[in-house]
Number of protein chains: 2
Amino acid sequence: MADLELAVSTVILALLPGSCPTAVNAASPAGPTGERPADALRLHLPLVRRTREPFAERWALPGGWVTPDERLSSAARRTLEETTGLRPSYLEQLYTFGAPRRSPTGRVVSVVYTALVRAPEAADVEVGENVRWAPADALAETVGDLAFDHAEIVDYALWRLRTKVSYAAIAQHLLGELFTLAELRHVHEAVLGKPLDPANFRRTAVASGSVEATEHVQTGAAHRPARLYRAVLPPGGAAGGYPPWQSRPELG
Amino acid sequence: MADLELAVSTVILALLPGSCPTAVNAASPAGPTGERPADALRLHLPLVRRTREPFAERWALPGGWVTPDERLSSAARRTLEETTGLRPSYLEQLYTFGAPRRSPTGRVVSVVYTALVRAPEAADVEVGENVRWAPADALAETVGDLAFDHAEIVDYALWRLRTKVSYAAIAQHLLGELFTLAELRHVHEAVLGKPLDPANFRRTAVASGSVEATEHVQTGAAHRPARLYRAVLPPGGAAGGYPPWQSRPELG
DNA sequence: CCAAAAGTGTTTCATTTACACCCATGT
DNA sequence: ACATGGGTGTAAATGAAACACTTTTGG
């Protein structure tokens, strides 16, 4: 039980334009599935290039070792900030991966978190030789095979996000404080990968109680101004039926 | 990253008659002669009494240390069998708990699994001075405070089971190979804690495709014999939309 | 005025819920 | 025969999808 190391890794997701200047991409010519507008928002995640064996030069999820006196979630936040400078607005434990041969150098058990960051903060990442954004749905084409089992981890994180976004109010963590319902709908569309009816989305969004209208409106566009909304946190109690301890600040 | 130990614990759930906390009298294995006990079925879980500090004499979840060359799920199965003799029909990772002060003796990170066992196998547990079944919804009243944060873990496992049983076909793992739809409904009722309409439950259960009728019927009861059903595993592919790697045997 | 997107209303369809009713068996 | 739970039918209620339509801005 001692011949074993504990790490944390994080799948951080942000919504960036597909032709984002910071994202080094050459894979945007009208591909086989390229029904997207050129500047459509797509889920991206930051990757770090490994500088040491194993998997030197390969891209990997941000992460690091767990120190003895910090929470697992704190370790995720710390390593995330150390490697990318990001401070996510949403952080949730995803799964713990611990297959014996995940790492060729020895037994490593990784507690993996999923994080969401708002677009403004995502722009603060210092992209460079060893840090870059990559589109979540085309990792292999843009950065090749990820280190370790990280490609599998990303797939699972995306699956979970897709299933969860349909019943939990988490998409708001990918936007700024104020947003239009069209923007929120774009987030859902990018996550789910399919268009949504604007009218029906509006109704379900406001009926869910997860957003509230403000008195502000968005001006400057060549059409009727859209009202700005704000995310409303779920009631502190357990009414929502979510995990009992999710209402408390953090755990684990 | 070395001053830290990795453990697995398991919340094992079985459906047992509520009145006799320790005496296990399960329905006959595959025989259609399963008589229904007068009292309702309730979720129970096996606990082990700690023989050493910390928390000596207190009841705790079965578990143990992870060895360097076994999967996390294998560690869960092994420790479960070592402590209780149980081999669960369903095993799923629940969450990883790693708060710094969980254990007073040092940093322990626990990967917790949820397991379901069928009533016949649950009867094989050797109940004794240091192993006992306790009703899941009344742990404090029957066994007092659990060791460590295990009470919190059980609460979370129950919450997850309740939410998952409504959309995933897992309740069947608490029954034998053949079961009536009334028995399956009793499982759902015990998990959800509320009565369900027999007619509607029947329709949704068969429409979901998670059960298939057999040619056997259950005789011996003072009413019309009930048809016996069998669980049908979800299609091997990813059609169901479940985690990609859940279709493979195991991971992590 | 026109284009474009915000926002509202309504119709249609599918699913869930409630409950009446028949069926088959042991006593 | 009758009590009991198994099993079927059906209509009301709820909710999701589709789409026509009105509103409000910039050009």
Where the side chain of A/Thr84 meets the backbone of A/Glu81, is there a donor-acceptor pair that is under 3.5 Å apart?
-> no
Residue A/Pro225, side-chain heavy atoms: nucleotide from D/dT24, D/dG6, C/dA4 that is nearest | D/dT24
Polar side-chain contact B/Arg203-D/dG7 base: donor and acceptor under 3.5 Å = no
Nearest whole angstrom, please: distance from the P of D/dG7 to the CG of B/Asp197.
-> 14 Å
Between C1' of D/dG6 and NE2 of B/His216, the distance in whole Å = 19 Å
Give the rounded distance in Å between these two atoms: CZ of B/Arg227 and P of C/dT25.
-> 12 Å
Under the side-chain hydrogen bond (donor to acceptor under 3.5 Å, both in side chains) criterion, do A/Glu183 and A/His186 qualify, and how do the steps go?
-> CA-CA 5 Å; A/Glu183 290 170 340; A/His186 289 320; over 6 Å; no
Mind calculating the distance between NZ (A/Lys194) and C1' (D/dA17) to the nearest angstrom?
-> 11 Å
Answer yes or no: is there a donor N or O on one side and an acceptor on the other, between the side chain of A/Arg230 and the main chain of A/Thr214, under 3.5 Å?
-> no
Please state how far atom CZ in B/Arg202 lies from atom P in C/dC23, giving the value in whole angstrom units.
-> 15 Å
Does A/Phe179 have its ring centroid less than 6.0 Å away from the ring centroid of A/Tyr229?
-> no
Integer-rounded Å distance: C/dT16 C1' and B/Leu196 CG = 13 Å
Tell me: CD of A/Gln218 to P of D/dT25, nearest whole Å?
-> 13 Å
Identify whether any heavy atom of A/Ala221 sits under 4.0 Å from a base atom; if not, whether one sits that close to sugar-phosphate; answer base, sugar-phosphate or nothing.
-> sugar-phosphate
Nearest-Å distance for atom pair NE2/C1', residues A/His223 and C/dA4 | 7 Å
Closest nucleotide among C/dG9, D/dT8, C/dG26 to the A/Ala199 side chain = C/dG9
Between B/Arg224 and A/Asn200, which is nearer to the 5' end of DNA chain D once each is assigned its nearest nucleotide?
-> B/Arg224
